[in-house]
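Residue indices begin at 1 and follow the sequence shown.
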Amino acid sequence: MNSNQQIQLQQKIIHYRAEIASYKNKLKSLELELKKEKMRNQYLQEKLHQIQTAHVDQYEKKIAMLENQLLSYEVALEEEKKQMEALKKNLSLPPKEIPLLNVRAFFNYSLILPEEKDEDVLVIGDFVIDNIGNTPLHETIVCIRLNPPEEAKLSGKITINPWKNDESFNTEWTFASDDWREKIKTNGEYWIKPFQHTALMPNDQLRFQNFEIRTKQTVVVEGFVYCKEIPKGTSSINNIIINC
């Protein structure tokens, strides 16, 4: 082998070595790119998983919220149905009557003037009590007041002691207290109550009948009614005024 051939051979070896080095560099570069691509791919996969997981969580939360909302609507609908059924039931029942306590009292009377100057003016009348409410009234007591007390007297079918004898059971009224004489003398008040009368029913009437009042002076006669249900009482809708 001559010198030219040796030089050419050496040149080829150097060229081949250069190409090998170049290929090695390219291989390292490709390996680096591959590694980067693997890392990039892993990164993208993780990112995609995070995004998918986040979306799934959002959807699951939204679904849970909608399910709770639907459940609340179902509960509200059930309650509305219950109220509707209760309302229908109440509408089918007859209305309850509201208790009403009301009593009306008035004088129904006639005034008889004297024929002679020295004679008394005479009043004959009834004191009427009407239960115009819808509730029974118990333990009714009447007060008839003459003012001034010393100028007039009231008389009627009032028994002092209704248990004294058998005939007294026919009486309708008796004095309401033991000190009735003192009340009449001091205040001109006649406190009486019905005898053997249990209750004044709605739309029923109670009468103190045929009482008489005699006087020679001007007198005002007032009436009041009391009972267990109306302890403060009520006054009559009219008075008797005797002008002499």
Side-chain angles (χ1 to χ4, degrees), residues 99-112 119-244:
L100 175 64
L101 294 171
N102 202 354
V103 62
R104 177 180 60 191
F106 60 93
F107 289 102
N108 184 15
Y109 64 96
S110 298
L111 184 64
I112 302 175
E119 292 180 352
D120 293 335
V121 175
L122 176 62
V123 175
I124 299 176
D126 298 341
F127 187 67
V128 184
I129 305 106
D130 287 329
N131 184 352
I132 57 176
N134 57 19
T135 304
L137 303 179
H138 300 83
E139 301 176 13
T140 305
I141 294 178
V142 169
C143 173
I144 297 178
R145 182 167 63 198
L146 280 58
N147 188 30
E150 66 277 1
E151 299 298 339
K153 290 184 179 180
L154 180 145
S155 61
K157 294 182 179 179
I158 308 171
T159 301
I160 299 173
N161 185 1
W163 302 100
K164 189 174 182 179
N165 53 56
D166 292 339
E167 293 181 359
S168 64
F169 283 97
N170 294 323
T171 189
E172 294 182 359
W173 294 86
T174 183
F175 285 103
S177 61
D178 294 335
D179 60 343
W180 58 273
R181 289 186 178 87
E182 185 65 24
K183 291 181 181 295
I184 293 172
K185 182 179 179 181
T186 304
N187 304 317
E189 295 177 352
Y190 293 74
W191 289 84
I192 59 176
K193 62 182 180 180
F195 177 66
Q196 290 186 331
H197 187 272
T198 57
L200 182 59
M201 302 304 293
N203 300 318
D204 277 358
Q205 190 178 83
L206 190 62
R207 283 175 174 261
F208 174 47
Q209 295 180 311
N210 297 323
F211 67 80
E212 295 184 2
I213 298 173
R214 295 179 178 272
T215 182
K216 290 184 174 69
Q217 302 295 329
T218 297
V219 174
V220 177
V221 184
E222 300 171 285
F224 307 89
V225 178
Y226 303 83
C227 61
K228 182 179 179 181
E229 292 75 14
I230 311 176
K232 292 185 178 180
T234 183
S235 58
S236 59
I237 61 177
N238 66 335
N239 298 328
I240 301 175
I241 300 177
I242 307 169
N243 290 314
C244 295

Return the set of residues passing side-chain hydrogen bond (donor to acceptor under 3.5 Å, both in side chains) with Trp180 (not counting sequence neighbours), or none when no residue passes.
none
Of the non-hydrogen atoms in Pro202 and Gly133, which two are nearest, and what is the gap between them?
CB-O, 3.4 Å
For the student: nearest non-hydrogen atoms of Ile184 and Pro149, plus distance:
O-CB, 4.0 Å
Identify the heavy atoms of Val219 and Ala152 that sit nearest to each other, and give their distance.
CG2-CB, 3.8 Å
Under a 3.5 Å cutoff, is there a donor and acceptor pairing between the side chains of Asn238 and Ser236?
no
With heavy-atom distances below 4.5 Å as the criterion, would you say the side chains of Ile213 and Ile242 are in contact?
yes
Taking the side chain as every heavy atom from C-beta outward, state whether Lys157 and Gln209 have any pair of such atoms under 4.5 Å apart.
no
Which pair of non-hydrogen atoms, one from Pro194 and one from Leu206, has the smallest distance, and what is that distance?
CG-CD2, 3.9 Å
Within the distance-only criterion (no hydrogens, no angle test), does the side chain of Asn102 pair as donor or acceptor with the backbone N or O of Ile132 below 3.5 angstrom?
no
Any side-chain heavy-atom pair of Thr215 and Asp120 under 4.5 Å
no
Could you check if a side-chain atom of Asn203 sits within less than 4.5 angstrom of a side-chain atom of Asn131, using non-hydrogen atoms only?
no
Spell out, as yes or no, whether a donor-acceptor pair under 3.5 Å connects the side chain of Glu189 to the backbone of Cys143.
no
Out of curiosity, Arg104 CZ to Thr234 OG1, how far, rounded to the nearest 0.5 Å?
11.5 Å
Check: Asp130/Gln205 side-chain N/O donor and acceptor closer than 3.5 Å:
yes
So do Arg145 and Phe224 actually touch side chain to side chain, heavy atoms under 4.5 Å?
yes
Atom CD1 of Ile141 and atom OH of Tyr226: how far apart are they, to the nearest 0.5 Å?
9.5 Å
Below 4.5 Å, heavy atoms only, C-beta onward: do Ile230 and Val103 meet side chain to side chain?
yes
Calculate, to the nearest 0.5 Å, the distance between atoms CD1 and CZ belonging to Ile124 and Arg214 respectively.
7.5 Å
So, does Asn134 use its side chain to make a donor-acceptor pair with the main chain of Leu100 at under 3.5 Å?
yes
Of all pairs that satisfy salt bridge (charged side-chain N to carboxylate O under 4.0 Å, His left out), the ones with a partner from residues 234-244, not counting sequence neighbours
none
Side chain to side chain, Ile158 and Phe175, heavy atoms closer than 4.5 Å:
yes
Spell out, as yes or no, whether a donor-acceptor pair under 3.5 Å connects the side chain of Tyr190 to the backbone of Leu154.
yes
Can you confirm whether Val121 sits close enough to Lys216 that some side-chain heavy atom of one is under 4.5 Å from a side-chain heavy atom of the other?
no
For Phe127 and Ala105 the tightest heavy-atom approach is CZ-CB, 3.6 Å
Between NZ on residue Lys193 and CD on residue Glu139, distance to nearest 0.5 Å:
8.5 Å
Would Ile129 and Val142 satisfy side chain to side chain contact (heavy atoms under 4.5 Å, CB included), going step by step from the backbone distance to the final call?
CA-CA 9 Å; Ile129 305 106; Val142 169; 3.8 Å; yes
Kindly determine whether Leu101 and Leu137 satisfy side chain to side chain contact (heavy atoms under 4.5 Å, CB included), including the steps that lead there.
CA-CA 8 Å; Leu101 294 171; Leu137 303 179; 3.9 Å; yes
Separation between CH2 (Trp191) and CG (Asp179), nearest 0.5 Å, reads 11.0 Å
Which heavy atom in Ser177 sits nearest to a heavy atom in Lys183, and how many Å separate them?
OG-CE, 3.6 Å
Is a side-chain N or O of Thr140 found less than 3.5 angstrom from the main chain of Cys227, in a donor-acceptor match?
no
Are the ring centres of Trp173 and Phe211 closer than 6.0 Å?
no
List the steps, then state whether side chain to side chain contact (heavy atoms under 4.5 Å, CB included) holds for Asn210 with Asp126.
CA-CA 5 Å; Asn210 297 323; Asp126 298 341; 3.9 Å; yes
Using the rule given for side chain to side chain contact (heavy atoms under 4.5 Å, CB included), can you reason through Val221 versus Phe107, listing the C-alpha separation, both sets of side-chain angles and the distance that settles it, and then say yes or no?
CA-CA 9 Å; Val221 184; Phe107 289 102; 3.9 Å; yes
